[in-house]
Visitor: 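Here it is, the structure in full.
Values in this document were obtained by computation on a predicted structure and should not be read as measured data.
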Amino acid sequence: MRRTLFTQDHEDFRLLVRDYLAREVVPEYEQWRDAGLVPRELFTSLGKLGIIGTAIAEEYGGGGQDDYRYNVVLQEECARAGVTLGGLRTHLDIVVPYFLGLADDAQRSRWFPGLASGEFYTAIAMSEPGTGSDLAGVATKAVRDGDHYVLNGAKTFITGGYHADLVIVVARTSTDPDNRRAGLSLLVVEKGMPGFTVGRKLDKLGLTVQDTVELSFADVRVPVANLLGAEGEAFSYLGRNLAQERLAISVGAVAQARAALEMTITYVRDRTVFGKPVAHFQNTKFELAAIAAEVEAAQTMLDAAITALVAGELSPVDAAKTKLFCTEMQGRVVDRCLQLHGGYGYILESPIARLYADARVSRIYGGTSEVMKTIISKSLGL
């Protein structure tokens with residue numbers, strides 16, 4: 001179906017991204033996979049081209065286009081090229097919006113030029129070893145001491161934490177026994193602060209070049225000037241950006257499902273079984289036809305959700321519906337595509353095997369499918 005989501009500016013940006021990926025990323029990608037990490041220089045390189053600073057105001061060196069559709073284009077082109085750019089999606093789609101929405105004038109002057117240029121790469125530290133998705137149970141504490149907070153605690157599953165220059169840490173600055181959600185604050189911890197330690201890099205089933213690490217804080221003195229937003233209001237802030245976070249996961253799910261479909265079509269045309277191309281068999285045709293319909297349905301739903309987000313109208317329930325449908329679709333599609341690859345699909349050097357491994361987390365992070373169903377069912381009065 002014809003898409004009407006993008007303008008010519010978005011398509012021009014697409015060509016810029018496509019050329020960059022083909023020239024700078026694809027030739028190096030296998031080395032990045034072997035290292036389990038993208039090079040830090042990737043982000044400054046993207047910054048020089050203006051690819052990661054689109055949402056930052058022009059006065060700070062950015063593009064002045066706070067339009068989520070540019071992020072969509074970047075994700076789609078990465079999926080088309082068969083690459084991922086480390087934790088860049090988390091940086092752009094999840095973390096930068098907190099800076100855009102909450103930073104005061106002094107913080108904008110300090111941090112925004114670096115965010116636009118790629119000098120500053122970011123992460124957000126929410127999950128803890130004992131809390132998981134229960135943000136109200138955050139145990140990391142920050143105690144006020146003059147013009148600093150003294151921060152102590154540990155975080156885990158932190159995407160982008162290995163390279164991050166600025167880490168937004170969710171910490172408890174006060175306790176209300178009658179309201180577990182109250183008293184949480186956002187503190188920006190900077191690389192190199194004494195007591196801030198980046199721990200081990202966690203090995204994952206998929207997303208091999210996306211660094212995921214543990215972080216620890218031992219009496220880290222964080223200036224009060226690094227408080228993002230108002231003290232004690234973090235829980236409400238975290239809820240505001242969930243719709244975009246879940247939409248970002250949906251964008252990746254649909255783009256990667258489409259990539260799986262396209263590579264499978266190519267494979268079944270070239271692969272011969274019993275003297276005939278695999279594409280010749282009716283089962284292959286029927287499977288791919290059904291997959292194409294599923295991908296198209298998800299794309300249409302996703303584009304409607306993106307349009308709503310850009311207009312400021314995407315509800316948490318609609319974001320949950322979109323994530324649930326798109327990520328579950330991704331899982332089904334990539335599995336069926338792998339099946340059509342036969343034994344080659346199970347070999348890790350095969351792109352479809354990598355897509356299969358990468359796809360599994362989509363139904364977990366950003367809120368599991370079960371959490372999405374809970375949100376949707378509440379909207380039904382259940």
Visitor: Atom CG of residue position L15 - does it have more than 12 heavy atoms of other residues, nucleotides or ligands inside 6.0 Å?
Guide: yes
Visitor: So with a 6.0 Å cut-off around CG of D270, is the heavy-atom count from everything else above 12?
Guide: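 Buried by this count: over 12 neighbours within 6.0 Å.
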Visitor: Evaluate side chain to side chain contact (heavy atoms under 4.5 Å, CB included) for S369 paired with L324, printing each intermediate quantity in order.
Guide: CA-CA 6 Å; S369 290; L324 176 65; 3.8 Å; yes
Visitor: Does S109 use its side chain to pair, donor to acceptor, with the backbone of D105 at less than 3.5 Å?
Guide: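 Yes, S109 side chain to D105 backbone: donor-acceptor pair under 3.5 Å.
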Visitor: Is any side-chain heavy atom of T300 less than 4.5 Å from a side-chain heavy atom of D303?
Guide: no
Visitor: Looking only at heavy atoms, which two atoms of A22 and P27 are closest? And how far apart?
Guide: O-CD, 3.4 Å
Visitor: Has K204 got more than 12 heavy atoms of other residues, nucleotides or ligands less than 6.0 Å from its NZ?
Guide: yes
Visitor: Who are the salt bridge (charged side-chain N to carboxylate O under 4.0 Å, His left out) partners of R40, not counting sequence neighbours?
Guide: D165
Visitor: Measure the shortest side-chain to side-chain distance between Y68 and D93 over non-hydrogen atoms and say whether it is less than 4.5 angstrom.
Guide: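 Answer yes - side chains close enough.
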Visitor: Can you tell if the side chain of L115 reaches within under 4.5 Å of the side chain of H91, non-hydrogen atoms only?
Guide: yes
Visitor: Test of understanding: clusters of I, L, V, M, F, W, Y form through side-chain heavy atoms closer than 4.5 Å, transitively. Do L74 and V209 belong to the same one?
Guide: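 They do share one cluster, since a chain of ILVMFWY contacts under 4.5 Å joins L74 to V209.
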Visitor: Is the shortest side-chain heavy-atom distance between L238 and L242 below 4.5 Å?
Guide: no
Visitor: Looking only at atom types and distance, does a side-chain atom of T212 sit under 3.5 Å from a main-chain N or O of I158, one as donor and one as acceptor?
Guide: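 Pair absent, no side-chain N/O of T212 close to backbone of I158.
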Visitor: Is the ring pair F274/F281 parallel, tilted or perpendicular, if the boundaries are 30 and 60 degrees?
Guide: perpendicular
Visitor: Give me the atom names and distance for the closest heavy-atom approach of H10 to V73.
Guide: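 In this case the closest contact between H10 and V73 is O-CG2, 4.1 Å.
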Visitor: Counting N and O atoms only, with roles assigned by atom type, does the side chain of D358 sit under 3.5 Å from a partner on the main chain of G206, one being a donor and the other an acceptor?
Guide: no
Visitor: Could you go through the side chain to side chain contact (heavy atoms under 4.5 Å, CB included) check for L88 and L42 one step at a time?
Guide: CA-CA 10 Å; L88 185 64; L42 169 68; 5.9 Å; no
Visitor: Could you check whether atom CZ of R221 has more than 12 heavy atoms from other residues, nucleotides or ligands sitting under 6.0 Å from it?
Guide: yes
Visitor: For the pair R23 and D19, find out whether any cationic side-chain nitrogen is under 4.0 Å from an anionic carboxylate oxygen.
Guide: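 Between D19 and R23 there is a salt bridge, with a charged N closer than 4.0 Å to a carboxylate O.
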Visitor: Classify the ring geometry of F13 against Y70: parallel below 30°, tilted from 30° to 60°, perpendicular beyond 60°.
Guide: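 If you compare the ring of F13 with that of Y70, the planes turn out perpendicular.
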Visitor: Between R108 and A103, is there a donor-acceptor pair closer than 3.5 Å when you use the side chain of the first and the backbone of the second?
Guide: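 Between the backbone of A103 and the side chain of R108 there is a qualifying donor-acceptor contact (under 3.5 Å).
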Visitor: Decide, yes or no, whether a salt bridge links R3 with E11 under the criterion of side-chain N to carboxylate O below 4.0 Å.
Guide: no
Visitor: Has S45 got a side-chain atom pairing as donor or acceptor with E41's backbone, closer than 3.5 angstrom?
Guide: no
Visitor: Would you call the rings of H341 and Y267 parallel, tilted or perpendicular if under 30° counts as parallel and over 60° as perpendicular?
Guide: parallel
Visitor: Do any side-chain atoms of residues 48-59 form donor-acceptor pairs under 3.5 angstrom with protein atoms, and if so which ones, sequence neighbours left out?
Guide:
none

Visitor: Are V96 and V310 in one and the same hydrophobic cluster, where Ile, Leu, Val, Met, Phe, Trp and Tyr link if side-chain heavy atoms are under 4.5 Å apart?
Guide: no
Visitor: Do R33 and T208 get their side chains close enough for a donor-acceptor pair, meaning under 3.5 Å?
Guide: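 A donor-acceptor contact under 3.5 Å links the two side chains.
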Visitor: Below 4.5 Å, heavy atoms only, C-beta onward: do K321 and M301 meet side chain to side chain?
Guide: yes
Visitor: Do the non-hydrogen side-chain atoms of E287 and Q339 ever get within less than 4.5 Å of each other?
Guide: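 A side-chain contact under 4.5 Å is absent here.
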Visitor: I need the minimum non-hydrogen distance between N152 and D219, along with the two atoms involved.
Guide: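 Between these two residues, the closest heavy atoms are OD1-N, 2.8 Å.
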Visitor: Test L261 against L288 for side chain to side chain contact (heavy atoms under 4.5 Å, CB included), laying out the working first.
Guide: CA-CA 7 Å; L261 171 62; L288 291 173; 3.8 Å; yes
Visitor: Has K201 got more than 12 heavy atoms of other residues, nucleotides or ligands less than 6.0 Å from its NZ?
Guide: yes
Visitor: A quick test of your reading: do over 12 heavy atoms of other residues, nucleotides or ligands sit less than 6.0 Å from CZ of R144?
Guide: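 For R144, atom CZ is crowded (more than 12 foreign heavy atoms under 6.0 Å).
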Visitor: State whether the number of non-hydrogen atoms from other residues, nucleotides or ligands found under 6.0 Å of F120 atom CZ is greater than 12.
Guide: yes
Visitor: Hey, is CD on E349 packed in by over 12 heavy atoms from elsewhere, all under 6.0 Å?
Guide: no
Visitor: Okay, side chain of T122, backbone of V167: is any donor-acceptor separation there less than 3.5 Å?
Guide: no
Visitor: Please check if the side chain of R246 supplies one atom and the backbone of G366 the other of a donor-acceptor pair under 3.5 Å.
Guide: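 Side chain of R246 to backbone of G366, a donor-acceptor pair under 3.5 Å: yes, one is there.
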Visitor: For the CD atom of Q75 and the OG atom of S250, what is their distance to the nearest 0.5 Å?
Guide: 9.5 Å
Visitor: Would you confirm whether D211, through its side chain, and Y162, through its main-chain N or O, come within 3.5 Å as a donor-acceptor pair?
Guide: yes
Visitor: Which heavy-atom pair separates F196 from V220 by the least distance, and what is that distance?
Guide: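 Shortest heavy-atom contact: N-CG2, 3.5 Å.
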Visitor: Is the closest side-chain heavy-atom distance between R336 and E294 below 4.5 Å?
Guide: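 Touching, per the 4.5 Å side-chain cut-off.
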Visitor: Are V254 and M329 packed together at the side-chain level, in the sense that at least one heavy-atom pair is separated by less than 4.5 angstrom?
Guide: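 They are in contact (side-chain heavy atoms under 4.5 Å apart), so the answer is yes.
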Visitor: Provide the closest heavy-atom pair for T272 versus G275 in the form atom of the first, atom of the second, distance.
Guide: CG2-C, 3.5 Å
Visitor: Applying salt bridge (charged side-chain N to carboxylate O under 4.0 Å, His left out), run through E76 and R14 and close with a yes or a no.
Guide: CA-CA 9 Å; E76 290 183 347; R14 185 184 300 277; 3.0 Å; yes
Visitor: V38 vs L85, test: side chain to side chain contact (heavy atoms under 4.5 Å, CB included). Steps then yes/no.
Guide: CA-CA 7 Å; V38 300; L85 301 181; 5.5 Å; no
Visitor: Hey, any chance I168 and L227 share a hydrophobic cluster, counting ILVMFWY side chains that come within less than 4.5 Å of each other, even indirectly?
Guide: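 Different clusters: I168 never reaches L227 through Ile, Leu, Val, Met, Phe, Trp or Tyr contacts under 4.5 Å.
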Visitor: Are E190 and R110 close enough for a salt bridge, meaning some N to O gap below 4.0 Å?
Guide: yes
Visitor: If you compare all heavy atoms of P97 against all heavy atoms of N241, which two are closest, and at what distance to 0.1 Å?
Guide: CB-OD1, 3.7 Å
Visitor: Spell out, as yes or no, whether a donor-acceptor pair under 3.5 Å connects the side chain of K323 to the backbone of S362.
Guide: yes
